[in-house]
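Since this is a predicted model, take the numbers as computed values, not measurements.
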There are 2 protein chains.
Amino acid sequence: MKRQTWQRAAVREALSARGGFVSAQDLHTALKANGSPIGLATVYRALADLAVDGDADSLQSSDGENLYRACVSAGHHHHLICRSCGRTVEIEADPIEQWAAEVAAANGFRDPRHVVDVFGTCSSC
Amino acid sequence: MKRQTWQRAAVREALSARGGFVSAQDLHTALKANGSPIGLATVYRALADLAVDGDADSLQSSDGENLYRACVSAGHHHHLICRSCGRTVEIEADPIEQWAAEVAAANGFRDPRHVVDVFGTCSSC
DNA sequence: AACTAAGTGAGAACGATTGTCAAAATCGCC
DNA sequence: GGCGATTTTGACAATCGTTCTCACTTAGTT
Ligand SMILES: [Mn+2]
Ligand SMILES: [Mn+2]
Ligand SMILES: [Zn+2]
Ligand SMILES: [Zn+2]
């Protein structure tokens, strides 16, 4: 059974406090800066769990880091991410969902998953 | 000026010989298995150059590896990739191109780029 | 309180990628 | 063909994000 620890709560809360996407390392640094003695490995584990449970979105940055963000909308969705400041807008992509399913089926691919993220420069940047 | 070396030619050729996406390490292993004394760092450099020059597609796998593939169709396109055997189909995504541009503009994002890849299990797997 | 399985964390280990730098190879030129 | 300036190579070290190890702690149960 999954146990409730102050560490997981702290990660959850720190992630929400941050607006956009953060790396595990940055979140760990932020937590320590606030006096928390939480371990780095624990932050990694908590974030991975949150992502699995659908409570956080995750994506890899262009330089290979895994970034996490407290999920605001439930269910499947995609992201519009500012490549300068990290500001993120969650977007629906109804036309894409169907398109992905169709193109997979048309080529004999089963169990399709897709990665659809749009990067750009936001109006503030 | 860019010099022509047998190493770059070998990487180019090995990449074409492979059908789908390969990691630098795997391609290096394949080259060595064929008797080539090429160095690993050189394979990394050659692949990066090919990608920059538009002669190879690149993407990061879900576990963070950079994968490369000899580009067959010129211009912008997307991929349908078998997560089991790496077989890749290049696909057009006309509906997505327009959708991405629209959703970026609607949210005030400039200079939009998008990542659209569909993963699945191909009919042979 | 006692028990037990799950969770934690400091540090080691890992793995893909990049940096270093002396030796080797390419290209333009004579 | 030979020369020299410049680029490229490759063995190896270094980086860096992430995962593993394992002794210790703790949540949840009885
Ligand atoms: Mn999201
Ligand atoms: Mn392609
Ligand atoms: Zn921005
Ligand atoms: Zn396949």
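- Distance CG (B/L40) to C1' (D/dG10): 10 Å, rounded to an integer number of Å.
- Residues A/A93 and B/W99 come closest through the heavy atom pair CB-CZ2, 3.5 Å.
- Rounded to whole angstrom, the span from the CG atom of A/D26 across to the P atom of D/dT18 amounts to 10 Å.
- Between the CG atom of B/L47 and the C1' atom of C/dA16 there is a distance of 13 Å, given to the nearest Å.
- Checked against side chain to side chain contact (heavy atoms under 4.5 Å, CB included), B/T88 has the following partners two or more places apart in sequence or in another chain: B/F21, B/R69, B/H79, B/I81.
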Would you please test B/S123 and A/F109 for side chain to side chain contact (heavy atoms under 4.5 Å, CB included) and show each step? CA-CA 6 Å; B/S123 48; A/F109 280 61; over 6 Å; no
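- Distances shorter than 4.0 Å separate some side-chain N or O of B/N66 from OP1 or OP2 on C/dT17.
- Between the CG atom of B/D49 and the P atom of D/dT7 there is a distance of 14 Å, rounded to whole Å.
- In terms of the salt bridge (charged side-chain N to carboxylate O under 4.0 Å, His left out) criterion, residue partners of A/R8 (sequence neighbours excluded) are, by chain and number, A/D49.
- For the helix from C/dA1-D/dT30 to C/dC30-D/dG1, the terminal axes (five pairs an end, C1' atoms, rotation from four pairs onto the next four) enclose an angle of 30°, given to 10 degrees.
- Per the geometry, CG belonging to B/D63 stands 13 Å off C1' belonging to D/dT19, to the nearest Å.
- With D/dA11, C/dT17, C/dG9 as the candidates, the nucleotide lying closest to the side chain of B/Y44 is C/dT17.
- The main-chain N or O of B/V103 is found under 3.5 Å from a side-chain atom of B/N107 such that the two form a donor-acceptor pair.
- Heavy-atom distances to DNA chain D give each of A/A24 and B/G39 a nearest nucleotide, and the one nearer the 5′ end belongs to B/G39.
- Judged by distance alone, with hydrogens and angles left aside, the side-chain atoms of A/H77 form no donor-acceptor pair with the main-chain N or O of A/E90 at under 3.5 Å.
- Distances shown here put every side-chain N or O of B/R45 at or beyond 4.0 Å from the OP1 or OP2 atom of C/dG19.
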For nucleotides 24-30 of chain C, which of its nitrogen or oxygen atoms have a protein nitrogen or oxygen under 3.5 Å away, and what is each distance?
{"residue": "C/dT26", "atom": "O2", "partner": "B/R3", "partner atom": "NE", "Å": "3.4"}
{"residue": "C/dT26", "atom": "O2", "partner": "B/R3", "partner atom": "NH1", "Å": "2.7"}
{"residue": "C/dT26", "atom": "O2", "partner": "B/R3", "partner atom": "NH2", "Å": "3.1"}
{"residue": "C/dC27", "atom": "OP1", "partner": "B/Q4", "partner atom": "N", "Å": "3.1"}

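- Protein atom CG of A/L27 is 12 Å distant from nucleotide atom P of D/dT18, rounded to whole Å.
- In this view, B/D53 and B/K2, B/D55 satisfy the side chain to side chain contact (heavy atoms under 4.5 Å, CB included) rule, not counting sequence neighbours.
- The distance from atom CG of B/L31 to atom C1' of D/dG10 is 14 Å, rounded to the nearest whole Å.
- B/D63 meets the side chain to side chain contact (heavy atoms under 4.5 Å, CB included) test with B/S61, B/E65; sequence neighbours excluded.
- Taking atom CZ of A/R8 as the reference point, atom P of D/dT26 lies 15 Å away to the nearest angstrom.
- Looking at B/T29, its side chain does come within 3.5 Å of a backbone N or O of B/Q25 through a donor-acceptor pair.
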